[in-house]
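Positions are given from 1 along the sequence. All ligand and atom numbering here is 1-based and tracks the order in the structure.
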Amino acid sequence: MTTGSLYEIHDRRFGNLIVGSARLEELHSGCRWAEGPVWFNDANQLLWSDIPNQRIMRWTPEGGVSVYRQPSNFSNGHTRDRQGRLVSCEHGTRRVTRTEIDGSVTVLADSFEGKRLNSPNDVIVRSDGSVWFTDPTYGILSDYEGYRSEPEQKTRNVYRLDPESRELTAVVTDFNQPNGLAFSPDETTLYIADSGASHDATLPRHIRAFDVVDGLSLARGRVFALIDKGIPDGIRTDIAGNLWSSAADGVQCFAPDGTLLGKILVPQTVANLTFGGPRRNRLFIAATNSLYSIYVTAKGAQVP
Ligand code: MG
């Protein structure tokens, strides 16, 4: 392993994914807990959540930082669907919403089997329009990132929302705290982080991989990678199928076979990340108080 001030190279392949001369840029500070970055290429902007401050923030290369939405219902993870609409997880209202092009908000999911969701955390949309999201209890554990409440669900599930019928299906029910999620570029594998160790060191701090069966269900769950510092929260894949995970020491990059390739060391605990910029080769990193970015050679798999 080679350790520098910015990069840890664990495998030679990592050298092809990073720009050696690139440096970490702090684009903003002053958040309480930065999360949920999502890139809008058509608007040349990044949105992300500052959960305890009830804000969705906006950054543009020309205009810098402004508040996009406040109050945000303690929004957490975001993504965009194939029509470019913002899809958001909200702790405060315990729901997943879609912001329409005209700015109105549509509720996509807020209950399962007649009981309220826990606190949706992170979300992705498959190319068929189905919406997949995680539902741990972080947003109801205290009044800091939502509203303290007893869970109504017995388990912390991962859900699939059917784009036609709007039916919600629990696709995995045995996680401790399901968190970030990402599809492989061909969408045949779904990666899901379990961050249970955040509140109990004996609980999981790993990312599991599942086969996606007919775009509907998951099979053959296995541990894909273990995070050695802190927990995995948000995760993303690049077009070569490498997986980039948040961790306490920065961003950790794993090959499709689960090998740790290397790390980008970040001064604060990383909660989430996304690829952005016109060529999707710029990592935006939500890390505790700050939003950072760094150019890489890798390109994000997620479109748009
Ligand atoms: Mg998360």
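Ring pair Phe14/Trp244 is tilted by interplanar angle, where 30° to 60° counts as tilted.
Aromatic ring centroids of His91 and Tyr147 lie 6.0 Å or more apart. A distance below 6.0 Å separates the ring centres of His28 and Trp48. Taking the six-membered ring where the residue is Trp, the centroids of Trp39 and Phe275 are separated by 6.0 Å or more. Aromatic ring centres of Phe183 and Trp132: separated by under 6.0 Å.
Near-neighbour remark for the Mg ion (ligand 1): protein N, O or S atoms under 2.8 Å are Glu35 OE2, Asn121 OD1, Asn179 OD1, Asp233 OD1; waters not counted.
Here the rule is salt bridge (Lys or Arg N to Asp or Glu O under 4.0 Å) with Asp174, and of Lys154, Arg156, Arg208 only Arg208 fits it.
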